Amino acid sequence: MSSILTVNGLQKSFGGIVVARDIDLTLHSGRIVGLIGPNGAGKTSLFNLITGVVKPDAGTVALAGETLNKLKFHQRIRRGLSRTWQNIRLFSSLPVIDNLLVATHDYPGERLVNVLFRRAHLARHNRAARDKAMDVLGKVGLAGVAHDRVADLPYGQQKLVGVVREVAEHGVAVCVVEHNVAFIRDLCDEGVVMFSGAIMARGSVAELIRDPQLTELYFGH
């Protein structure tokens, strides 16, 4: 089990508000980590720091041994670091496969010279992009609805289009933020509890939710 993402000593504050307090976190290949904690615990801030949306005051973020601190958000994505959001942002009138295709990076069809004079090259690129999209859909069990409109799919399948949970089975390290503790318990290999910008505890989710101190921090009195 190899480490994919390593966070060391990550710190960040906005004025007098500390959103990250000396955070250490490691994500491993094929493992799913659930990040839990009350609103304001610092979960979103941690994701912003890892993905480069916000620069840390101290600490490092490394992906597969490469330090990412000097890289911008889009550069980190090209290295293999990706992020999805809880809100589904899909083109509901388009087929499922087209929602994947619109994310194609550096699409050659955006250049007029390719449209006019390099149609064979453009056609090859389109076929390769569709093959890759179908491969991704196949891995998450959605190949059968690839040509169905997103608006016609049940919500659970829409969620799969935006958040590919099964990628962990292919060696990807996954970190999930979710308030539904039962969902996290059933899905994740490990839980990490955040409170006031710090990691308070980690372990199996079942163990964490049985801890009375952590339960009080999460749910209050």
Side-chain angles (χ1 to χ4, degrees), residues 1-87 89 162-165 167-168 172-181 183-185 187-205 207-209 211-221:
M1 183 173 59
S2 58
S3 61
I4 300 296
L5 183 76
T6 306
V7 174
N8 285 320
L10 212 57
Q11 299 186 53
K12 182 65 183 180
S13 62
F14 296 98
I17 301 175
V18 180
V19 297
R21 302 173 185 268
D22 197 26
I23 293 177
D24 294 331
L25 180 67
T26 301
L27 302 183
H28 295 92
S29 172
R31 302 275 290 179
I32 303 177
V33 173
L35 191 61
I36 58 179
N39 290 331
K43 303 184 297 296
T44 299
S45 295
L46 176 57
F47 267 64
N48 288 339
L49 289 165
I50 290 173
T51 55
V53 175
V54 175
K55 293 183 178 181
D57 296 329
T60 60
V61 177
L63 183 68
E66 178 188 8
T67 301
L68 305 180
N69 287 46
K70 294 183 179 180
L71 299 184
K72 297 180 179 179
F73 179 78
H74 70 278
Q75 293 171 317
R76 299 184 189 203
I77 291 176
R78 293 175 185 173
R79 296 297 198 279
L81 180 67
S82 63
R83 175 181 180 178
T84 62
W85 280 260
Q86 282 184 305
N87 294 330
R89 300 179 181 183
V163 183
V164 186
R165 296 185 298 176
V167 294
V172 177
V174 179
C175 184
V176 179
V177 175
E178 174 61 55
H179 285 287
N180 186 325
V181 177
F183 173 81
I184 290 289
R185 180 195 59 207
L187 174 70
C188 298
D189 302 299
E190 180 186 10
V192 174
V193 180
M194 286 194 69
F195 187 76
S196 295
I199 292 179
M200 302 296 294
R202 64 188 73 193
S204 75
V205 180
E207 293 172 346
L208 294 174
I209 61 179
D211 187 315
Q213 181 182 4
L214 296 177
T215 301
E216 182 175 330
L217 286 174
Y218 194 96
F219 296 108
H221 295 288

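If you read the sequence from its start, that first residue is 1, and numbering goes on from there. This is a predicted model, so every value here is computed, not measured.
- Within the 4.5 Å cutoff, no side-chain heavy atoms of Val7 are placed close to those of Asp24.
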CA sep, side-chain torsions, deciding dist, call: Ile36, Phe195, side-chain contact (heavy atoms from CB on, under 4.5 Å): CA-CA 9 Å; Ile36 58 179; Phe195 187 76; over 6 Å; no
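- Interatomic distance, CE of Met200 versus CZ of Arg21, reported as 10.0 Å (0.5 Å rounding).
- A heavy-atom distance below 4.5 Å is not found between the side chains of Phe73 and Leu81.
- Under the side chain to side chain contact (heavy atoms under 4.5 Å, CB included) criterion, Arg185 pairs with Ala182, Val205, Ile209, sequence neighbours left out.
- Between Val19 and Ile17 the shortest side-chain heavy-atom distance falls below 4.5 Å.
- A heavy-atom distance below 4.5 Å is found between the side chains of Leu46 and Leu35.
- Side-chain atoms of Arg31 do not come within 3.5 Å of backbone N or O of Val174 as any donor-acceptor pair.
- The salt bridge (Lys or Arg N to Asp or Glu O under 4.0 Å) search around Asp211 returns none, not counting sequence neighbours.
- Evaluation of the salt bridge (Lys or Arg N to Asp or Glu O under 4.0 Å) rule for Arg79 yields Glu66 as partners, not counting sequence neighbours.
- The CG atom of Leu63 sits 10.0 Å away from atom OG of Ser3, with the distance rounded to the nearest 0.5 Å.
- Within the 4.5 Å cutoff, the side chain of Val192 has heavy atoms near those of the Leu25 side chain.
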CA sep, side-chain torsions, deciding dist, call: Val176, Ile32, side-chain contact (heavy atoms from CB on, under 4.5 Å): CA-CA 7 Å; Val176 179; Ile32 303 177; 4.0 Å; yes
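- When every heavy atom of Gly59 is checked against every heavy atom of Asn69, the shortest pair comes out as O-ND2, 2.8 Å.
- Atom CZ in Phe47 sits 4.0 Å away from atom SG in Cys175 (nearest 0.5 Å).
- Partners of Thr26 under the side chain to side chain donor-acceptor pair (under 3.5 Å) rule, at least two apart in sequence or in another chain, do not exist in this structure.
- Using a 4.5 Å heavy-atom threshold, the side chains of Val33 and Cys188 count as separate.
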Steps toward side-chain contact (heavy atoms from CB on, under 4.5 Å) verdict (Val61, Leu10): CA-CA 8 Å; Val61 177; Leu10 212 57; 4.0 Å; yes
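- In terms of the side chain to side chain contact (heavy atoms under 4.5 Å, CB included) criterion, residue partners of Asp22 (sequence neighbours excluded) are, by chain and number, Gln11.
- Remark: Glu207 engages Ser204 in a side chain to side chain donor-acceptor pair (under 3.5 Å) (not counting sequence neighbours).
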Verdict with reasoning, Ile4 to Ser2, per side-chain contact (heavy atoms from CB on, under 4.5 Å): CA-CA 6 Å; Ile4 300 296; Ser2 58; 4.2 Å; yes
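- Not counting sequence neighbours, the partners of Lys12 by the salt bridge (Lys or Arg N to Asp or Glu O under 4.0 Å) test are Asp57.
- Here the side chains of Leu208 and Arg202 are not in contact, with every heavy-atom distance at 4.5 Å or above.
- The side chain to side chain contact (heavy atoms under 4.5 Å, CB included) test applied to Lys72 returns His74, Gln75, not counting sequence neighbours.
- Nearest heavy atom pair, residue Ala20 against residue Leu49, reads CB-CD1, 3.7 Å.
- When all heavy atoms of Met194 and Pro38 are compared, the pair lying nearest together is O-CD, 3.7 Å.
- Rounding to the nearest 0.5 angstrom, the gap separating the CD1 atom in Ile23 from the OG atom in Ser45 is 8.5 Å.
- Inter-residue side-chain proximity for Arg83 and Asn48 is flagged as met; some heavy-atom pair is nearer than 4.5 Å.
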